[in-house]
Participant: 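Sharing a structure with you now.
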Amino acid sequence: MTYDLLIKNGRVIDGSGAPAFHADVGIRNGKIADVGKLRGAATRTIDAEGRVVSPGFIDSHCHFDAQVTWDPLCTYSCYHGATTVIFGNCSLGLAPVRKGDSMRAKEFLSYVEAIPMEVLNTVNVDWETMGEYMDTLDNRLGVNAGTLIGHSPVRYYVMGKDSQGREPTPEEIKQMQGLVRDGIEAGALGLSFSMSPGHYDPQGVMIPSGWAKEDEVFALCDVLGDLGTGVIEAASGRDAEEKNGLMSRISERTGRQVVYNQLTQQLKKPDAWKEQIRKIDESIAKGNRAIPNICPLTVTTDFTMHNCQVFRGVPTFHPILLASDEVKLQKYADPEIRSKLHEELVEMKTELKGNRTLGKNWPDTMWVQKVVLENNRKFEGKSLRELAEMQGKGIIDAFLDLVVEEKLDTAFQQGVQGYDREVMGKILNYPNAIIGLSDSGAHVQYRVGYGYSSVLLGHWVRRQKVMTLEGAVKKLTFDQAHTFGIYDRGMLRPGMAADVVIFDPETIDALPLKRVDDLPGGGWRMEELAVGVHYTVVNGQVLLEDGKHTGALPGRVMRNSRYQQRANA
């Protein structure tokens, strides 16, 4: 038998969770043809001796909605072995939009996901419907790309400015249902919502999805139940699940898979993950399909007070964060402002409903990363509590004195999650959850997660040894494909799509971040490349070889099973 591509002598981890085995993988016409000891001729042969050959990774929580229009590779996910990316998460997206009225959808995406507006303004939105958007993308893709229907653009399309302020009328509910139905019929992988109290637009108003009551959420999810296809994704769904089991109730009512953010060890409640797992197990035992996402990154947030998300939702901080730098400096020097911040953040007299990371110990999990002035060099690496103690000041005064003195240019870092090895081992191996939540394509200038798969395999598998290599690969491949209804991918089996990654398990890792000035409109972002990922193969064609793009653009839009069945009928 003749192959287009023959991968020889590899250590095959097929995505099923079964033990690795030594074999060759033959690829023909974009699909896996054979797996075993193969002797056929091939147009190209790759020797994978000493390396793992696995299904391509599926990066399922991304925000490439705009970037994909100018960057068909959706960099830098593919450099870490991702062959499929999924965006439209967190209720956001660039479709549907009315002709000539894409600005608000761009603003929602920009402010929630910290993508510079000057970059998004370069995107020429010449589509209106979800189907037209997907057809536009399908003409030029390096990786495979799937998209969810974002509730925020749907709500804005129907209700306009009223989408941020009131409940919809029955007629408006029907119109939104129609948009969701049209999007699913066109092949969208599902529907996404935001239940985060911290998701605002640039004007400081909650984005449209955040205004929805349960009746509206159920009405839109019912469309997926009626059509029998699609996944439902909810940003910050954990709080709704803990409060009244909303995620489980949606799954029970619609019969659809529900994925929500997230299972983690919380800074505010370090043992809450145990109770969360208990409740998930109860729901699964009842036959529901409502599972959380897990981020494997040891998450830190780098920021300056020029553009800071860390303090969003703090009543006194919030309006200042939206102001000009000149106003910020004035306010941060104001003793009255500092007194209010002391009450809110040190004495904790106010419940911070719109903030997820600031617990009572926040001064111990936030530290000075890099200063501007030489006389402040001694503060680098110190927590804010240590900063205050070194100077005999209160925490707010010590923090804001430094901020004002260095004119907002001081770099700070906040530790968020992934800081306890034993806990992370239990969470990462938990079967009723998926590992993803990279947020690839979002907050491009200060915290990127493209390398989540390399961190999982390099840090948690190789160095920390908290899970098996086979188990980690299954989490990155089959579990993702199964959850999002991409049934022809995620395993190395004959007849399945030939999305493959070849990597060295002894060296794979994410490289340090580096600033690159390559965004449209003169924008910049942080680059995160990989080491140890040697080949990324999409639909049988080599997309990347040792970190270099081959020039191939073999990717396709991933469409749901209902669309596929009708297309193949």
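Quick note: numbers below take in every heavy atom, side chains included, and nothing from hydrogens, waters or symmetry partners.
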Participant: Provide the closest heavy-atom pair for Val231 versus Leu224 in the form atom of the first, atom of the second, distance.
Facilitator: O-CD2, 3.6 Å
Participant: Do you know which two heavy atoms are closest between Met526 and Leu513, and how far apart they sit?
Facilitator: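 Between these two residues, the closest heavy atoms are CE-CB, 3.7 Å.
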Participant: Testing Glu380, Gln413, Gln414, Glu386 for side-chain hydrogen bond (donor to acceptor under 3.5 Å, both in side chains) with Trp367, which one passes?
Facilitator: Gln413
Participant: Got a donor-acceptor contact below 3.5 angstrom from the Arg515 side chain to the Trp524 backbone?
Facilitator: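 A pair under 3.5 Å: no.
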Participant: Is there a side-chain hydrogen bond (donor to acceptor under 3.5 Å, both in side chains) between Ser453 and His80? Walk through the geometry before answering.
Facilitator: CA-CA 7 Å; Ser453 54; His80 297 271; 5.1 Å; no
Participant: A side-chain contact here means heavy atoms from C-beta on lying under 4.5 Å apart; do Glu233 and Ile86 qualify?
Facilitator: no
Participant: Taking 4.0 angstrom as the limit, do Arg278 and Asp281 come out as a salt bridge?
Facilitator: no
Participant: Does the side chain of Leu120 reach to within under 4.5 Å of the side chain of Glu107, using non-hydrogen atoms?
Facilitator: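 A side-chain contact is absent here, since even the closest heavy-atom pair is not under 4.5 Å.
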Participant: Is it true that His151 and Glu216 share a donor-acceptor pair across their side chains at a distance under 3.5 Å?
Facilitator: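 Result is yes, a qualifying pair exists.
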Participant: Are Gln262 and His61 packed together at the side-chain level, in the sense that at least one heavy-atom pair is separated by less than 4.5 angstrom?
Facilitator: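 Sidechains of His61 and Gln262: no contact.
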Participant: Checking Arg98 against Tyr157: charged group under 6.0 Å from the ring centre and within 45 degrees of the axis?
Facilitator: yes
Participant: Using a 4.5 Å cut-off on heavy atoms from C-beta on, say whether the side chain of Ile280 contacts that of Pro292.
Facilitator: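 In short, these two side chains touch, coming nearer than 4.5 Å.
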Participant: Looking at Lys393 and Asp397, does any basic side-chain N land under 4.0 Å from a carboxylate oxygen?
Facilitator: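 So Lys393 does not pair with Asp397 through a salt bridge.
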Participant: Side-chain contact, heavy-atom cut-off 4.5 Å: Leu329 with Asp325?
Facilitator: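 They are not in contact (no side-chain heavy atoms under 4.5 Å apart), so the answer is no.
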Participant: Does the plane of the ring in Phe64 sit parallel, tilted or perpendicular to the ring in Phe87? Use 30° and 60° as the thresholds.
Facilitator: perpendicular
Participant: Between Ser196 and Ser236, which heavy-atom pair has the shortest distance, and what is it?
Facilitator: CB-OG, 3.1 Å
Participant: What distance separates Asp201 CG from Gln164 CD, expressed to the nearest 0.5 Å?
Facilitator: 4.5 Å
Participant: Less than 3.5 Å apart, any donor N or O on the side chain of Gln445 or Asn307 sitting next to an acceptor on the other?
Facilitator: no
Participant: Return the NZ to CD distance between Lys426 and Gln265, rounded to the nearest 0.5 Å.
Facilitator: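 Between Lys426 NZ and Gln265 CD, I get 10.5 Å after rounding to 0.5 Å.
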Participant: Angle between ring planes, Tyr79 versus Tyr76, binned at 30° and 60°: parallel, tilted or perpendicular?
Facilitator: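 Answer is tilted, since the angle falls between 30° and 60°.
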Participant: Salt-bridge test for Glu252 and Arg249: reply yes if a basic N is under 4.0 Å from a carboxylate O, no otherwise.
Facilitator: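 The answer is no: the pair does not qualify as a salt bridge.
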Participant: Tell me, with the steps shown, if His306 and Asp409 meet side-chain hydrogen bond (donor to acceptor under 3.5 Å, both in side chains).
Facilitator: CA-CA 7 Å; His306 285 290; Asp409 290 329; 2.6 Å; yes
Participant: Return the minimal non-hydrogen interatomic distance between Pro202 and Leu322, and the atom names on each side.
Facilitator: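 Looking at all heavy atoms of both residues, the closest pair is O-CD2, 3.8 Å.
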Participant: Roughly how far apart are Ser251 OG and Arg256 CZ, rounded to 0.5 Å?
Facilitator: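 Answer rounded to 0.5 Å: 9.0 Å.
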Participant: What I want to find out is whether Arg338 reaches Asp401 closely enough, with some N-O distance under 4.0 Å, to be called a salt bridge.
Facilitator: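 A salt bridge links Arg338 with Asp401.
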Participant: Side chains of Ser248 and Glu241: donor-acceptor distance under 3.5 Å anywhere?
Facilitator: yes
Participant: Can a salt bridge be assigned to the pair Glu282 and Lys279 using a cut-off of 4.0 Å between side-chain N and carboxylate O?
Facilitator: no
Participant: Counting only heavy atoms not in Glu422 (residues, nucleotides, ligands), do more than 12 fall under 6.0 Å from its CD?
Facilitator: no
Participant: Specify the closest pair of heavy atoms between Arg155 and Pro208, including all atoms of both residues, with the distance to one decimal.
Facilitator: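 Between these two residues, the closest heavy atoms are CD-O, 3.3 Å.
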Participant: If the plane angle is over 60° it's perpendicular, under 30° parallel, otherwise tilted; pick one for Phe399 and Trp362.
Facilitator: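 Answer is perpendicular, since the angle exceeds 60°.
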